[in-house]
Amino acid sequence: MDYNFNEVEKKWQEYWRDNNVYKVDIDNNKPKFYILDMFPYPSGAGLHVGHPLGYIASDIYARYKRLKGFNVLHPMGYDAYGLPAEQYAIETGTHPAITTEKNINRYREQMDKIGFCYDWDREVRTSDPRYYKWTQWTFIQLFNSYYCNVSKKAQSIADLVKRFEAQGTEGLDAACGKPMQFTAEQWKAMSEKEQQEVMMNYRLAYLADTMVNWCPQLGTVLANDEVADGLSVRGGFPVVRKTMKQWLLRITAYAERLLEGLETIEWSESIKEVQRNWIGKSMGASLFFDIADKDINIEVFTTRADTLFGATFMVLAPEHEIISSITTDEQRAAVEEYVSWAKNRSERERMAEVKKVSGVFTGAYGINPFTGAKIPIWVADYVLMGYGTGAIMAVPAHDSRDFAFARHFELPIIQVVAKPGEEPTDASQWEESFDAKEGVMVNSDFLNGLSVKEAIATMIQKVEEKGIGKGKTNYRLRDAIFSRQRYWGEPFPIYYKDGMPYALDESKLPLELPSIDAYKPTETGEPPLARAKNWTTEEGYPLETNTMPGFAGSSGYYLRYMDPQNDNEFISKEANNYWQQVDLYIGGAEHGTGHLIYSRFWNKFLFDIGVACKDEPFQKMINQGMIQGRTNFVYRVNFEKMAEYKTWEVIKDNKLGVKFVKDFKVGHRKFDFFCQEKNIIIEIKKVSSLEKVADAYENIAKELGCKILLIPIRQVLVDEDFTDVKQKIQDLIDGKDVPAYEEVEMLEAPRLYVSKNVPGREYYGDPIRVDINMVHNDVLDTEQFKQWRFDLNDSKFIFEQDKDGNPIYVCGWEVEKMSKSKFNVQNPDDLVEKYGADTLRLYEMFLGPLEQSKPWDTQGIEGVYRFIRKFWRLYTDENNEFCFSDEPATKEELKSLHKLIKKEEDDIERISFNTVVSAFMICVNELTDLKCNKREILEPLTIMISPYAPHLAEELWHQLGHNDSVVTQKYPEFVESYVVENNFTYPVSINGKKRFDLELPITLSPAEIEKIAVATPEAIKWIADKSIKKVIVVPKKIINIVVG
RNA sequence: GCGGAUGUGGCGUAAUUGGUAGCCGCGUCAGACUUAGGAUCUGAUGCCGAGAGGCGUGGGGGUUCGAGUCCCUUCAUCCGCACCA
């Protein structure tokens, strides 16, 4: 009998649980290591094979670090608040806590089956009052803090009040909503409400009117990262822009620190870049433009102060508050109409119409501060209120959007930057704007002749001197909207007195989520919490009815794992000083602009107030790739695309020696393919319409002096290799006379065939990626499609025609994200059932580099399963009886083992788990060949495989006669002397090409090696009559003989 | 449009500093044991070629004794951001 994984895995999972093997406590005698997975949102679908990929990797790393003598913190918990459970509650009336609990239990069961080494005593759930007490506590600290730009950290709002009392805003440099100036006397004269309003301008958690993403279907606002393509990420409902009073976190105060911090952490360059883009720092200048005949000015932000002389008009965002006060009476009606049109457009419409130019003139003029020229002020929605000041100076010559706008509304265009050595030209005649990042200033008075870089600096200096502007750094990052009009989230520890919000006393925490009768908004549109009875403080003040967003609970959870049972503090100093920060964080890259930036902000704030001892939460991060599913499809072949594809293939691969351009435009006409050099047009046309268009095209060809070839799309069916077309194109290039087109008759349906092991060939002769319409969006009814989907798993082939006998449906598959709606979800439970957890663990690692996305393909799992059994057989004899030898190990056996020790150490450190699995296979193959069953080899081998296949290892460890757990053992010591060789087999190259091997003692000098090498019969044969020019000898690497 | 990646056999991949391209596994083929094989074991397997040998890391060019690796250029695919002034 073979290895019985079912029995063994169950046995050790129980043993580990009953013996608290994974429990971890502070141990000052050991170095610590904190390795963390992104905790999951427990959805109803349970885990799929993509989830455990990161968990398995971190589990292996954690177990390895433990063997290496570290005290490893490796916890797990649940991001338990979230929309799906609440949507379900609205539909069914089931309390989200019940749904969540059920899902958590399922997740836990699935995770336990895979044999993770989490210390479950440290589990956290964001919806647990004992946990969210500290989320609320952190919120109160944010509410009671402001950000001092001088000390560059958060400080107590009480200090700010003291300052106001002493000196007002004199000398204050703090992050705030809008600039404020008042004296101590004025402060003291304010009413409490007024003072509270002033403080609100500085608090790090503040309430303000703000433009939000409002999702009517979900009945809540959403953060920018919760919206994609104008739709909500959860649910896919439309989102509109709307001004509402919301809680916000002043994350912008930390923009610079968030940016700088990226330099200190070991994250992938791509995710750092995502964050840099999100923060969007740009250095430029803010300039004030006076308005003609008015006593007001407009502030604009520009990164290109140098182009000021080229500013020929100004543009305001439709939401800009100054619009109504500057618009002239003649223009008022038009402006108001435009503004209301622009405001009422959905985000989706706006995005779809980015290329369309729209705008309206206000009738007002700004004054160019240097030339004194009057420049018209327009309103247009290509300027966004959310960025900079919501107003720009437009320099059409050097900005494509300004250029398009100027063209459309016939506004003047002045060139101010020229390529070095080139004279300025009449910009009003240009076809497109000149993106002048480098060049020389022209038409710009005192800037003329300067480079762009010099001109920017000079201009900023000049502007500052004149007092009409100043150098300024601008960030794209917006403050994070922190309230949601939902039920299933943390209640705010806030009550209202006299209309102003106040924080609850910390002793009142946690403020527990009340139970309510239904989970939807009230009839009057209040958030669900307004349904709660007695939702007031003891004194009767009303409590906040908004709840916190999903990222509230996940922003500081890694800290809580350090001290999860502590009800008196967020974390004890002792725990924090010991565990410090997360050493290795593993999770998906999709949280780049959400959780990962909020967490960094949250942690920096906690660092400022002395709760966290490190400025950054996650020192090193690995983003595991997504495991994609294989989805089988039925396709309808799009012959037009196929013809285009084949034609392109012919042009590309046939190496015709001339260059064809795709989608080439001549004037307003667009051609499929165009070769300028030879004046050849190739067009792809439907057979039925070919005759009609042929004449038209011949005229065009004549007009342009071109030759034309029309390819009937049915050509692809009768001429699979496109030989005919190849010939015609070649003839055209050679200047031969070729008829513009030939009618192709289709006599019978094309023969389709399946080559089972050539993906892509399944649906047509050549591996063509035809543009294909997924059938369920198209003609076929869903039932039939579904049936096919399942039939397709065995590459069963289907060939159909529709009612008119026209389109042809074939099958194939594609790699997609795994999702229930795509019928392609692979569930780990089934695989554990069939192959065991250890096989699943090894296979997920063996699939390829952790960070790479890869399609899930179960075919290869057999190989890993075979390996596991082969590994088992090393320890057993033909009768499956354990059988070990106490003989000393041979040199070969030790060499094999120690090669593996080194490889595993090196590769685990660089998170290359797939190569470690491969190294195990090599070692086991070698030991099997050596028929090795020595304890001296097998004991260390058992320890070494335990991070990967813990159940198997634990069983074998006990079979080897031990009574303790393999988890608590020491990783074997690498001994170099076992792997060093006396000889090295040199590859000998002649002119860089390897020709033969030569085994030589490693003690030889390069000169000796050269002497021997050139004298070998093999070398002599290759040198033949040529002479040796040079011999390169790299010791223990290569010998290269250069002959000539 | 901007930014980040990635291109190696039929497939997943390996090659850590420029030094034997294709390790390991899947698949395939052949053989052994078998009543049987979707079990197990053995061998072969980049392509072309009977062989000698030639060609091969998306394409083109360069540096080098030597390039998957470095440089230039080009093509393709994936991901992120996107009227960001």
Side-chain angles (χ1 to χ4, degrees), chain A residues 2 228 268-274 276-278 280 282 284 300-304 307 315 317 350-351 353-357 380-384 386-395 398-402 404-405 435 474-476 589-590 592-593 625-626 652-653 655 659 755-761 767 769 815 843 846-849 851-864 866-867 869 903 906-907 909-910 912 914-915 917-922 925 985-997 1029-1032 1034 1036-1044:
Chain A
D2 253 353
S268 74
E269 204 40 53
S270 67
I271 203 153
K272 283 188 186 179
E273 204 54 38
V274 164
R276 283 190 199 109
N277 285 342
W278 194 256
S282 62
V300 304
F301 174 76
T302 179
T303 54
R304 294 297 301 273
T307 60
V315 186
R350 194 174 156 140
M351 282 177 187
E353 292 169 12
V354 157
K355 290 282 178 291
K356 283 193 187 163
V357 177
D381 67 353
Y382 83 89
V383 172
L384 305 177
Y387 184 76
T389 61
I392 62 158
M393 63 171 203
V395 184
H398 306 296
D399 180 284
S400 59
R401 296 150 302 164
D402 295 346
F405 195 81
D435 184 10
N474 198 43
Y475 297 92
R476 199 187 74 110
E590 67 273 16
T593 55
M626 208 157 12
K652 240 174 38 184
D653 291 354
K655 289 169 191 152
K659 199 175 170 177
S755 167
K756 200 176 156 202
N757 298 304
V758 187
R761 290 197 173 223
R769 285 187 61 87
V815 169
Y843 185 57
F846 189 59
L847 227 40
E851 302 204 63
Q852 204 169 292
S853 284
K854 49 227 153 187
W856 178 255
D857 168 21
T858 38
Q859 288 199 325
I861 203 167
E862 291 284 348
V864 174
R866 267 178 221 144
F867 162 74
R869 281 177 294 173
K903 179 81 179 158
D906 290 354
D907 287 2
E909 286 304 340
R910 60 186 185 104
S912 174
N914 53 327
T915 52
V917 178
S918 155
F920 269 114
M921 289 176 174
I922 294 168
N925 287 345
T985 306
Y986 280 93
V988 184
S989 301
I990 311 294
N991 287 346
K993 184 85 195 164
K994 189 215 158 182
R995 293 301 176 186
F996 62 96
D997 287 323
K1029 284 194 168 160
K1030 198 174 181 183
V1031 179
I1032 285 136
V1034 184
K1036 288 172 82 176
K1037 279 271 162 67
I1038 198 169
I1039 301 167
N1040 189 15
I1041 302 170
V1042 186
V1043 298

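Note on naming: letters A, B, ... go to the chains in the order of the sequence lines (proteins, then strands), and numbering restarts at 1 for each one. Note: hydrogens, waters and symmetry copies are ignored here, and every other heavy atom, side chains too, is used. Worth saying up front: this structure is predicted, and the values here are computed from it rather than measured.
- Figure legend. G80(B) is base-paired to C2(B); pairs are counted as Watson-Crick or G-U wobble with both atom distances under 3.5 Å.
- If you check every strand for non-hydrogen atoms under 4.0 Å, Lys903(A) touches a base.
- Using a 4.0 Å heavy-atom criterion, one finds that Val383(A) contacts the bases of the nucleic acid, with or without backbone contacts as well.
- Proximity of Arg866(A) to the phosphate of C26(B): a side-chain N or O atom is located under 4.0 Å from OP1 or OP2.
- Comparing C55(B) with C81(B), their C1' atoms sit 43 Å apart, to the nearest whole Å.
- Nucleotides G4(B) and U73(B) place their P atoms 14 Å apart, quoted to the nearest Å.
- Within 4.0 Å of Asp402(A), counting heavy atoms only, lies no atom of the nucleic acid at all.
- Contacts of Val274(A) with the nucleic acid, taken as non-hydrogen atoms under 4.0 Å apart, involve only primed sugar atoms and P, OP1 or OP2.
- Between Asn991(A) and the phosphate of C65(B), there is no side-chain N or O to OP1/OP2 separation shorter than 4.0 Å.
- Between Arg476(A) and the phosphate of A82(B), there is a side-chain N or O to OP1/OP2 separation shorter than 4.0 Å.
- Residue Asn1040(A) is in base contact, counting any heavy-atom pair closer than 4.0 Å across all strands shown.
- The residue Ile1032(A) sits close to a base: some heavy atom pair falls under 4.0 Å.
- Here the separation of G58(B) from U42(B), taken at their C1' atoms, is 38 Å to the nearest Å.
- Phe405(A) has its side chain out of reach of Asp399(A): every pair of non-hydrogen atoms, C-beta onward, lies at least 4.5 Å apart.
- Side chains of Asp997(A) and Pro987(A) form a contact here, defined as non-hydrogen atoms less than 4.5 Å apart.
- Here Glu862(A) lies out of heavy-atom contact (under 4.0 Å) with every strand.
- Pair assignment for A67(B): none, as no Watson-Crick or G-U wobble contacts are both less than 3.5 Å.
- Annotated as anti: G80(B), whose glycosidic dihedral deviates from 0 by more than 90°.
- Within 4.0 Å (heavy atoms only), Ser918(A) reaches at least one base atom of the nucleic acid.
- U35(B) and C26(B) have their C1' atoms separated by 30 Å, given to the nearest Å.
- If you check A5(B), C83(B), U20(B) against the side chain of Leu384(A), the one that comes closest is C83(B).
- Under the 30°/60° scheme for interplanar angles, the aromatic rings of Phe301(A) and Tyr387(A) are found to stand perpendicular.
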